[in-house]
Amino acid sequence: MADQTEYQAAFTAGMGQSIISDVIEGIEHVLVPPGCSLQSMEKLLPAPTRIKASPEFNDCAGFVDYTGEFAEEGSRIFVDQSDRRFFTVFDSHAKDKPAWGDHSASLQMKLSPEWKRFKSVDSQKMAPMELAEFIEENLSYFLGPIEGAELLTMAQNLKVQLKGDLQVDHSTQSGLRHLQIKDDSVLTGKSGAKQLAFPERIELGLRVFDNHSVYPINVFLRYRASKEGITFWLKIPDPLGIEEEAFNQVIDEVRAKTGLKTLKGRFEGPRHK
């Protein structure tokens with residue numbers, strides 16, 4: 001009987017409470033006792049009254065497509081250069097017209113695996129076989145003036161002559177290339193009747209950013225001769241400058257393809273903080 005009495009008391013108390021409702025900005029809200037919390041009934045509507053979403057993209061094409069689909073008057077793009085991140089704010093503030101900024105999209109530009117791989121060997125000394133292995137693993141990125149396949153063969157077949165009184169042979173295959181260091185420190189290679197000068201500058205074609213286009217990069221191929229043989233290294237001139245220039249090209253691409261005002265700065269909206 002005690003349980004029934006408590007239930008009756010609770011029921012009677014509930015009957016004495018009233019739920020107050022009101023329409024705010026076209027959406028019904030209710031004041032729910034006993035704490036009198038204000039709750040929106042928008043979730044009961046067939047569709048939300050405005051978009052509240054912040055999708056994140058990994059490629060420039062998807063980001064541009066989504067931005068083009070939902071862009072409206074006042075939409076703009078913020079570019080956080082320190083994080084290499086884009087934010088499109090669709091319902092952005094305008095002069096004398098504040099907005100919620102609930103709908104945005106972001107694009108995070110990440111360094112590509114191949115660019116990080118080349119950066120990891122920047123100025124790192126390599127023996128001929130190490131150079132050959134690196135070229136072999138990244139053959140398609142070497143564009144000129146000598147293609148990767150020729151550079152690979154040159155690195156695999158070395159004959160070093162220093163000042164005519166010292167000769168060091170290093171070969172992993174039979175005689176396709178013959179390389180010599182002359183007294184004037186010019187490295188050449190020969191294949192049949194074709195004489196090849198070992199290039200000082202090499203043109204690379206690789207992506208600086210993942211899921212983006214190929215970027216042309218020129219690097220220096222250095223070498224040093226000693227009695228022990230030849231040491232090689234690749235020198236990337238100003239890698240941070242290359243990344244900055246490549247990112248600026250992405251900014252220009254996004255601005256041109258979306259047609260939106262693109263501002264260098266950080267967006268700290270309701271979701272992207």
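Residues Val214 and Ile236 do not share a hydrophobic cluster, defined by chaining ILVMFWY side chains whose heavy atoms lie under 4.5 Å apart.
How far CE of Met126 is from OG1 of Thr231: 10.5 Å, rounded to the nearest 0.5 Å. To the nearest 0.5 Å, atoms CG (Leu206) and OG (Ser140) are separated by 9.0 Å. The distance from atom OG of Ser112 to atom NE2 of His212, rounded to the nearest 0.5 Å, is 11.5 Å. Going from atom CD of Glu114 over to atom CD of Glu137 covers 13.5 Å, rounded to the nearest 0.5 Å.
Sorted by first and then second residue, the pairs that involve residues 118-132 and meet salt bridge (charged side-chain N to carboxylate O under 4.0 Å, His left out), not counting sequence neighbours, are Lys119-Glu243. For residues 57-66, every residue pair satisfying the side-chain hydrogen bond (donor to acceptor under 3.5 Å, both in side chains) rule, not counting sequence neighbours, is listed here: Tyr66-His103.
In this structure, the side-chain contact (heavy atoms from CB on, under 4.5 Å) partners of Leu143, at least two apart in sequence or on a different chain, are Glu203. Listed by chain and residue number, Glu200 satisfy the salt bridge (charged side-chain N to carboxylate O under 4.0 Å, His left out) test with Arg222 (two or more places apart in sequence, or in another chain). Take Asp83 and apply the salt bridge (charged side-chain N to carboxylate O under 4.0 Å, His left out) test, not counting sequence neighbours, and it matches no residue. Under the side-chain contact (heavy atoms from CB on, under 4.5 Å) criterion, Lys110 pairs with Gln108, not counting sequence neighbours. Shown here are the ring pair (Phe, Tyr, Trp, His ring centres under 6.0 Å) partners of Tyr215, two or more places apart in sequence or in another chain: there are none. Among residues two or more places apart in sequence or in another chain, the side-chain hydrogen bond (donor to acceptor under 3.5 Å, both in side chains) test is passed with Ser120 by none. Shown here are the side-chain hydrogen bond (donor to acceptor under 3.5 Å, both in side chains) partners of Asn211, two or more places apart in sequence or in another chain: there are none. Among residues two or more places apart in sequence or in another chain, the side-chain hydrogen bond (donor to acceptor under 3.5 Å, both in side chains) test is passed with Lys257 by Glu253. In this structure, Phe63 has no ring pair (Phe, Tyr, Trp, His ring centres under 6.0 Å) partners at least two apart in sequence or on a different chain. In this structure, the side-chain hydrogen bond (donor to acceptor under 3.5 Å, both in side chains) partners of Arg117, at least two apart in sequence or on a different chain, are Asn138.
Between Pro98 and His93, the shortest heavy-atom distance links the atoms CA-ND1, 3.5 Å. Closest of all the heavy-atom pairs between Asp210 and Pro113 is OD1-CD, 4.0 Å. The two residues Thr258 and Val254 make their nearest non-hydrogen contact at OG1-O, 2.7 Å. Between Gln124 and Trp233, the shortest heavy-atom contact is O-CB, 3.3 Å. Heavy-atom minimum distance, Ala99 versus Ser92: CB-O, 3.4 Å.
Taking the side chain as every heavy atom from C-beta outward, Phe220 and Leu234 never approach each other to under 4.5 Å. Taking the side chain as every heavy atom from C-beta outward, Leu107 and Cys60 approach each other to under 4.5 Å. Contact annotation: the side chain of Ile251 approaches that of Phe86 to within less than 4.5 Å [non-hydrogen atoms, C-beta and beyond]. Looking only at side-chain heavy atoms (C-beta outward), Phe142 and Leu204 come within less than 4.5 Å of each other. Taking the side chain as every heavy atom from C-beta outward, Phe134 and Phe118 approach each other to under 4.5 Å. Side chains of Val208 and Met109 form no contact here, defined as non-hydrogen atoms less than 4.5 Å apart.
Side chains of Thr67 and Thr88: a donor-acceptor N/O pair is present below 3.5 angstrom, by distance only.
Environment of CD in Glu72: crowded, with over 12 heavy atoms of neighbouring residues, nucleotides or ligands closer than 6.0 Å.
Side chain of Arg76 to main chain of Gly74: a donor-acceptor pair is present (N/O by atom type, distance under 3.5 Å, no hydrogens or angles). Although no hydrogens or angles enter the test, the distance criterion places a donor-acceptor pair under 3.5 Å between the side chain of Asp91 and the main chain of Asp102.
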Check your understanding: Where do Ile217 and Tyr141 land on the side chain to side chain contact (heavy atoms under 4.5 Å, CB included) test, with the steps shown first?
Key -> CA-CA 10 Å; Ile217 297 172; Tyr141 304 121; over 6 Å; no
Exercise for review: Would you check, one step at a time, whether the test side chain to side chain contact (heavy atoms under 4.5 Å, CB included) holds for Ile77 with Phe87?
Suggested key: CA-CA 5 Å; Ile77 299 174; Phe87 298 95; 6.0 Å; no
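The aromatic rings of Phe90 and Phe70 stand perpendicular to each other, their planes meeting at an angle above 60°, with 30° marking the opposite boundary.
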